[in-house]
Number of protein chains: 2
Amino acid sequence: MKSQRSECPISQSLDVWGDKWSLLIIRDLMTAKQLTYGDFLKAPEGIATNILAARLLMLEENGLIEKLDHPESKAKVLYRLTGKGIDLVPVMIEINLWAEKHFTIPADRKAMLKEVKKDKEGFIKAGMKELRRS
Amino acid sequence: MKSQRSECPISQSLDVWGDKWSLLIIRDLMTAKQLTYGDFLKAPEGIATNILAARLLMLEENGLIEKLDHPESKAKVLYRLTGKGIDLVPVMIEINLWAEKHFTIPADRKAMLKEVKKDKEGFIKAGMKELRRS
DNA sequence: ATACTTGCTTGCGTTTTGCAAGTGCAAACA
DNA sequence: TGTTTGCACTTGCAAAACGCAAGCAAGTAT
């Protein structure tokens, strides 16, 4: 996850978030909007704490997420998506749709995707707007 | 790249193609339709031959690509996308659009994306249909 | 027959990952 | 005010994955 491999847009994108964990971090931030370090550790996939720290740093350096002060404690840190990170919503939706077609996925996700299919563009636009308000 | 981490659609997807190379292999197959082992090695990113072999095997095992006999030589092997692989076209397009917005990408890719934006759904549908014909 | 191409495999040193334990600071508690 | 707890990371180290170079078997060309 260091230098650029080629100028191909896919390749450049993978250089930033193309590892086993980054998209899961971004996923969590898309559903929760703001999360602490500890919140990420609670995700069912069980990311190791050192890997989490490394990924958060890299995503921050690449401008996909940002830190902000926790309103009620200096000991806590909040992470949230930047505009660049929010712009990944369409990618995330398409991955979900692909997974739904080819895997068995949880019922709540299916329900969400049912809404997506009614009006994909509208759903995405609304979701992104909502994220920007937080 | 072995076992399933969770039932989340994003997580399950990453378990299949969420490494540094798989999407580049799939990208190459989307633009070229059919490629030999050696063709993949020629990609500008420079994948190592043992890694390529491992990824092709994993993608085949997961039903994203398939091998077929080369029409003019038994020494050569052709790889192409299956329906499951072709279904990743929308994901790939969205990644391209994201990259275009946040990185500097080659002119030819920009031209392609200009076409996409005129009629995204139509472009994707046509592209997938074309891939299925080969 | 011989040399060359093609699609891998093997060895091995380097890098990344993953697990466990530890550190430093802030907040809560006694 | 001293102490314990919670939170955000760091550090150490073994295991796995990666990356490069060389090797190899089957197929093709000369």
Side-chain angles (χ1 to χ4, degrees), chain A residues 1-6 11 14-25 28-29 32 34-62 64-81, chain B residues 1-6 11 14-26 28-29 32-62 64-81:
Chain A
M1 232 84 59
K2 11 55 238 301
S3 60
Q4 193 185 78
R5 291 181 293 179
S6 84
S11 177
L14 292 177
D15 287 340
V16 173
W17 49 259
D19 66 276
K20 220 69 183 148
W21 295 105
S22 294
L23 273 191
L24 297 180
I25 291 171
D28 289 347
L29 286 173
Q34 299 187 172
L35 292 171
T36 64
Y37 189 88
D39 290 332
F40 290 113
L41 291 175
K42 289 174 201 147
E45 290 85 10
I47 186 170
T49 172
N50 56 338
I51 305 295
L52 175 59
R55 289 296 165 276
L56 288 173
L57 183 61
M58 147 150 261
L59 289 173
E60 194 186 358
E61 286 174 345
N62 282 286
L64 299 199
I65 66 176
E66 61 190 351
K67 279 181 175 184
L68 50 121
D69 293 338
H70 195 287
E72 45 185 67
S73 167
K74 280 186 190 170
K76 295 183 182 177
V77 183
L78 278 178
Y79 289 91
R80 76 170 166 203
L81 292 171
Chain B
M1 228 82 60
K2 12 47 213 331
S3 60
Q4 193 184 77
R5 291 180 292 178
S6 85
S11 177
L14 291 177
D15 286 340
V16 173
W17 49 258
D19 67 277
K20 221 70 183 143
W21 294 106
S22 293
L23 273 192
L24 297 181
I25 290 171
I26 291 166
D28 288 346
L29 286 173
K33 294 176 187 179
Q34 298 188 171
L35 292 171
T36 64
Y37 188 87
D39 291 333
F40 290 113
L41 291 175
K42 289 176 202 148
E45 289 85 10
I47 187 172
T49 172
N50 55 337
I51 306 296
L52 175 60
R55 290 296 163 279
L56 288 173
L57 184 60
M58 147 149 258
L59 289 173
E60 194 187 358
E61 284 174 347
N62 282 286
L64 299 199
I65 66 175
E66 61 191 351
K67 280 182 176 186
L68 49 120
D69 292 337
H70 195 288
E72 43 185 70
S73 165
K74 280 185 190 170
K76 296 183 183 177
V77 183
L78 279 177
Y79 289 91
R80 75 170 167 201
L81 294 170

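Every chain is numbered from 1 and lettered A, B, ... according to where its sequence line falls, protein lines coming before strand lines.
Straight-line distance from the CH2 atom of B:Trp21 to the P atom of C:dT16: 14 Å, rounded to whole Å. Computed from coordinates, the A:Asp19 CG to D:dA17 P distance equals 15 Å when rounded to whole Å. A:Ile47 has its CD1 atom 8 Å from the P atom of C:dG18, to the nearest Å. In this entry the distance linking CZ of B:Arg55 with C1' of D:dG19 reads 12 Å, nearest Å. Following rounding to the nearest Å, B:Asn50 (CG) and C:dT14 (P) show an atom-to-atom distance of 16 Å. Spacing between atom CD1 of A:Ile51 and atom P of D:dC9 amounts to 15 Å, rounded to whole angstrom units. With rounding to whole Å, A:Leu52 atom CG is found 14 Å from C:dC19 atom P. With rounding to whole Å, B:Asp15 atom CG is found 13 Å from D:dA17 atom P.
Within 4.0 Å of A:Tyr79, counting heavy atoms only, lie sugar-phosphate atoms of the nucleic acid but no base atom.
The closest donor-acceptor contact from the side chain of B:Asn62 to the backbone of B:Leu64 lies at 3.5 Å or more, if one exists at all.
Scanning all heavy atoms of the two residues, the minimum distance from B:Leu29 to B:Ile65 falls at CD1-CG2, 3.7 Å. A pairwise comparison of heavy atoms in B:Leu41 and B:Ala48 identifies CD2-C, 4.4 Å as the closest pair. Of all the heavy atoms in B:Leu59 and B:Val16, the pair that sits closest is CD2-O, 4.3 Å.
In this structure, of C:dC8, D:dC9, C:dG7, it is C:dC8 that holds the atom nearest to the side chain of B:Ala53. For A:Ala75, taking side-chain heavy atoms from C-beta onward, the closest of the listed nucleotides C:dA26, C:dG7, C:dG18 is C:dA26. The nucleotide whose nearest atom lies closest to any side-chain atom of A:Lys74 is, among D:dG27, C:dA27, D:dA21, C:dA27.
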Before giving the answer on side chain to side chain contact (heavy atoms under 4.5 Å, CB included), spell out for B:Ile51 and B:Lys20 the whole-Å C-alpha distance, their side-chain angles and the decisive distance to 0.1 Å.
CA-CA 10 Å; B:Ile51 306 296; B:Lys20 221 70 183 143; over 6 Å; no

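Between C:dC8 and B:Lys67, a contact under 4.0 Å exists linking OP1 or OP2 to a side-chain N or O.
Between A:Ala48 and A:Ser73, the residue anchored closer to the 5' end of DNA chain C is A:Ala48, taking for each the nucleotide with the nearest heavy atom.
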